[in-house]
Structures are given as structure tokens and as C-alpha cells.
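What follows is a single structure, written as C-alpha cells, with notes after it.
Only this structure's heavy atoms are used, side chains among them; waters, hydrogens and symmetry mates stay out. One-based numbering along the sequence shown. Both counts, for ligands and for their atoms, begin at 1 and track the order of listing.
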Amino acid sequence: MTGFDSHLFEGRTVVVTGAGRGIGAAVAAAFLHCGASVIAHAGRDLSHAEGDLLSRVPSAARSRLVLLTEDLAAPDGGAQLADQVLARTGVIDVLVNNAGTMGGRIRAGEETAETYDHVLDLNIRSVVALTGCLLPALRASEQASIVNTVSISARAGGSAGSALYAGTKAFVSGWTKTLAKELAPDGIRVNAVSPGTIMTDFHRRYSTPEKLEATAAAIPLKRLGMADDCAPAYVFLAAGSLSGYVTGQVLEVNGGQLMP
Ligand SMILES: NC(=O)c1ccc[n+]([C@@H]2O[C@H](COP(=O)([O-])OP(=O)(O)OC[C@H]3O[C@@H](n4cnc5c(N)ncnc54)[C@H](OP(=O)(O)O)[C@@H]3O)[C@@H](O)[C@H]2O)c1
């Protein structure tokens with residue numbers, strides 16, 4: 001991984017959720033490359049971390065990485081993960097709320113109590129709970145920053161079957177801006193990264209190759225995004241030295257797919 005300043009986050013502690021694979025893995029690896037100590041919530045278990053996150057981490061940086069697991073779709077998942085994090089550190093400089101998923105293509109009228117709870121508990125409840133529990137540790141930092149992962153679907157609407165998912169990301173987008181105002185007096189900046197169509201397991205699960213090919217053809221930069229295309233946006237928004245006057249913003253990373 002090149003292009004990152006290896007001292008940018010030296011001595012800083014970064015928490016990333018959903019970091020075992022995909023966008024979160026690229027983000028956690030980027031912060032490690034920038035010298036941070038990273039507490040990475042890998043996902044529900046460690047099964048994907050070996051093939052993705054750990055393959056991105058040079059052995060010299062492995063001692064700065066802690067791996068945790070927690071089911072964040074469980075109603076108390078956010079609080080449980082916070083307990084695990086706070087058992088390891090009392091100061092957090094950066095929190096990246098990234099874990100999330102669509103929970104399947106759920107058509108209008110086909111929602112069940114289970115699918116509704118799963119998508120909203122994971123994409124909203126756990127984010128709000130984890131952030132709330134970690135606020136004292138963020139306040140203990142001199143330059144704290146929260147970066148949330150939202151989605152192009154929050155603004156543009158998603159494709160069929162993703163209405164609940166898009167709604168949760170719109171929630172986090174509005175919540176991000178409100179929190180940015182509320183936490184500014186504490187010196188905590190709050191922003192979001194909004195990925196477009198990024199080629200991770202997310203789309204391997206939910207989109208056909210034909211749909212992805214058609215999407216890529218319609219994107220001005222003529223390709224789907226990769227997890228590594230997203231990571232620098234998180235580093236930028238987290239670094240006070242780069243974005244110290246930026247808060248309450250949603251940074252779109254989508255190859256020009258949406259130009260709000
Ligand atoms: N890929 C895209 O095009 C795209 C576009 C816009 C926004 N996003 C957002 O970007 C974020 C990362 O997505 P991705 O593309 O990197 O997808 P991904 O490769 O499927 O990774 C999703 C991550 O979230 C974790 N996660 C999912 N369900 C969980 C649960 N119940 N409890 C705990 N962790 C859970 C996963 O852990 P497990 O390994 O345990 O499943 C994994 O670490 C998500 O918030 C997604 O909504 C993605």
C-alpha cells in the first residue's frame with residue numbers, strides 16, 4: 001500500500017468496525033500504514049479476516065492491530081462491542097462506523113419483523129449505541145474524529161429491494177450532520193464517506209455480474225470502485241492535520257456515478 005504518510009497517525013488509536021473484509025479491511029490497513037494502533041472489529045467472527053484484512057497488514061504492523069468480534073445485528077451488539085473496546089483503551093482518536101449490510105433484497109411489502117430488525121439494528125442501532133458508549137473515550141482525545149460509512153443510495157435511492165438499507169444509510173447521513181453540530185464544542189469532528197458501487201463481497205452477494213457490468217458502463221470513470229479507492233477518504237476525514245476545518249460532510253466516492 002503506497003501513498004500514505006507512515007507518521008500521520010503515529011501514537012493514535014483508531015477503532016474500525018466491519019474491518020475483516022471489504023471496505024473496512026482497506027480502511028483498517030490504511031490506518032496501520034499511517035502508524036496508528038488499530039482496534040479492528042472484524043465482523044461476526046474471524047473467518048474473513050485471514051483472507052482480507054490480515055493479508056493487507058505487514059508483519060511489522062501486526063503488533064499494532066487488535067482483532068475483536070461481535071454480532072452488531074444483536075440488539076445489544078453495539079454496547080457489547082464498546083465494552084470490549086474500552087477494556088483495551090480509554091482514549092480513542094478515531095472511530096470508523098463501517099459495519100453494515102443490505103440483509104438481502106427485500107421488496108416493498110415483503111418486509112418481516114426479522115428482516116426489518118436485522119437491517120435497522122445493524123445499520124442504525126449498533127452505530128448509535130457504539131458511538132454513545134465510546135464518547136467519553138473520544139472526548140479524552142485531543143483531536144477526535146468520527147467517520148461513518150453511508151452509501152450513494154442514501155441520496156440517490158438504491159436499486160430494487162434495497163429500500164430499508166437505503167433508508168438506514170439516509171438516517172446515518174442525517175445523524176452524522178446533527179452529531180457534527182452537537183459534538184463540535186467537544187472538538188470532535190463527525191463526517192461520513194459515501195461509497196458508490198464498490199466491488200466487495202457486498203455486491204458478490206446482492207448483484208448479478210450483468211447488473212454490475214451495466215453499472216460500470218454508466219459510471220463516468222467507466223469502472224466499479226475498489227475498497228482501496230475508498231480508504232484514503234477515511235484517512236483524510238479522520239486526520240485533523242488534513243481536514244481540521246471539515247465537519248458534518250458526506251464525501252462521495254463513486255467514480256462520478258452521482259454528482260450531488
Ligand atoms: N460495497 C458497496 O458498493 C457499498 C456501497 C455503499 C456503502 N457500502 C457500505 O460499506 C460498508 C462495508 O461494506 P462492504 O462493501 O465492505 O461489505 P462486506 O465486504 O460485506 O463487509 C461488511 C462488513 O460488515 C460486517 N458485518 C455485516 N453484518 C454484520 C453483523 N451482523 N455483525 C457484525 N458485523 C457485520 C461484516 O462482517 P462479517 O464478515 O461477519 O459478515 C464485514 O466485516 C457497509 O456499511 C456497506 O453498507 C458498501
Side-chain angles (χ1 to χ4, degrees), residues 15-30 40-54 56 67-82 84-85 96-104 114-115 117-127 129-130 147-159 162 164-173 175-176 192-207 211-212 215-216 219 223-231 233-234 250-255 257-258:
V15 176
V16 185
T17 68
R21 54 176 160 165
I23 295 170
V27 170
H41 160 262
R44 287 161 286 189
D45 53 43
L46 293 176
S47 58
H48 298 284
E50 186 81 31
D52 197 338
L53 174 59
L54 291 178
R56 297 167 173 273
L67 287 174
L68 303 176
T69 61
E70 190 67 50
D71 181 359
L72 294 177
D76 63 347
Q80 294 285 348
L81 178 59
Q84 291 197 61
V85 170
V96 177
N97 285 306
N98 168 76
T101 194
M102 197 185 290
E114 287 73 27
T115 55
D117 285 348
H118 181 83
V119 177
L120 272 74
D121 283 350
L122 173 61
N123 293 349
I124 295 177
R125 186 191 294 274
S126 79
V127 175
L130 179 67
V147 187
N148 300 314
T149 300
V150 295
S151 164
I152 188 172
S153 65
R155 202 153 182 166
S159 51
S162 69
L164 279 184
Y165 170 76
T168 64
K169 293 301 188 178
F171 177 105
V172 175
S173 190
W175 178 78
T176 296
V193 174
S194 174
T197 306
I198 311 300
M199 207 43 226
T200 64
D201 288 344
F202 182 98
H203 279 293
R204 291 184 193 103
R205 279 193 301 276
Y206 302 132
S207 303
K211 180 175 186 295
L212 291 170
T215 301
I219 291 173
R223 66 173 177 86
L224 301 178
M226 304 299 288
D228 286 328
D229 290 317
C230 300
Y234 291 82
V250 177
L251 179 46
E252 308 283 340
V253 180
N254 57 39
Q257 194 175 0
L258 172 72

Answer yes or no: is there a side-chain heavy-atom contact under 4.5 Å between [X] and [Y]?
X: Arg204; Y: Asp201; result: yes
X: His203; Y: Thr215; result: no
X: Leu130; Y: Glu70; result: no
X: Asn148; Y: Trp175; result: yes
X: Phe171; Y: Val127; result: no
X: Val147; Y: Val27; result: no

If you take all heavy atoms of [X] and [Y], which pair is closest and at what distance?
X: Ser47; Y: Asp45; result: OG-OD1, 2.5 Å
X: Ile198; Y: Met226; result: CG2-C, 3.4 Å
X: Thr200; Y: Gly22; result: CG2-CA, 3.9 Å
X: Ala79; Y: Ala129; result: N-CB, 4.3 Å
X: Leu251; Y: Ala233; result: CD2-CB, 3.8 Å

Item to check | Salt-bridge present (Asp52, Arg56; N to O < 4.0 Å) | outcome: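 So Asp52 pairs with Arg56 through a salt bridge.
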Where the closest heavy atom to [atom] is concerned, which of [options] has it?
atom: atom 29 (C) of ligand 1; options: Asp52, Leu122, Leu72, Asn254; result: Leu122
atom: atom 10 (O) of ligand 1; options: Thr149, Asn123, Val127, Thr101; result: Thr149
atom: atom 14 (P) of ligand 1; options: Asn148, Asp45, Thr200; result: Thr200
atom: atom 11 (C) of ligand 1; options: Leu81, Asn98, Asn97; result: Asn98

Would you mind running through ligand 1 and noting each atom that sits below 4.0 Å from a heavy atom of [X]?
X: Val150; result: 6 (C), 7 (C)
X: Asp71; result: 30 (C), 31 (N), 32 (N)
X: Pro195; result: 5 (C), 6 (C), 7 (C)
X: Thr197; result: 3 (O)
X: Arg205; result: 20 (O)
X: His203; result: 1 (N), 2 (C), 3 (O)
X: Ile23; result: 10 (O), 15 (O), 16 (O), 48 (C)
X: Tyr165; result: 6 (C), 7 (C), 8 (N), 9 (C), 46 (C), 47 (O)

Checklist entry - Which bit of Met102 gets closer than 4.0 Å to ligand 1, counting heavy atoms only: side chain, backbone, both or neither? => result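 The answer is neither; Met102 stays 4.0 Å or more away.
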Checklist entry - Given Thr149, which of Asn98, Asn123, Val172 fulfils the side-chain contact (heavy atoms from CB on, under 4.5 Å) condition? => result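 The residue from Asn98, Asn123, Val172 that satisfies side-chain contact (heavy atoms from CB on, under 4.5 Å) with Thr149 turns out to be Asn98.
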Among all the protein's non-hydrogen atoms, which is closest to [atom], and how far away is it?
atom: atom 17 (O) of ligand 1; result: Phe202 CB, 3.5 Å
atom: atom 38 (P) of ligand 1; result: Arg21 NH2, 3.5 Å
atom: atom 22 (C) of ligand 1; result: Gly100 O, 3.8 Å
atom: atom 41 (O) of ligand 1; result: Arg44 NH2, 2.5 Å
atom: atom 37 (O) of ligand 1; result: Gly43 CA, 3.4 Å
atom: atom 3 (O) of ligand 1; result: Ile198 N, 2.7 Å

Give a yes/no verdict on whether any heavy atom in [X] is under 4.0 Å from an atom of ligand 1.
X: Gly196; answer: yes
X: Ala42; answer: yes
X: Glu70; answer: yes
X: His41; answer: yes

Checklist entry - Considering residues at least two apart in sequence or located in another chain, which fulfil the side chain to side chain contact (heavy atoms under 4.5 Å, CB included) criterion with Ser151? => result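 Expected list: Ser153, Tyr165, Lys169.
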Checklist entry - Below 3.5 angstrom, do we get any N/O pair linking Ser151 and ligand 1? => result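 Between Ser151 and ligand 1, no N or O pair is found under 3.5 Å apart.
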Item to check | N or O pair under 3.5 Å between Gly18 and ligand 1 | outcome: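 Yes, since at least one N or O of Gly18 sits under 3.5 Å from an N or O of ligand 1.
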Item to check | Euclidean distance, Thr69 OG1 relative to Gln80 CD, rounded to 0.5 Å | outcome: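 One finds 11.0 Å between CD of Gln80 and OG1 of Thr69.
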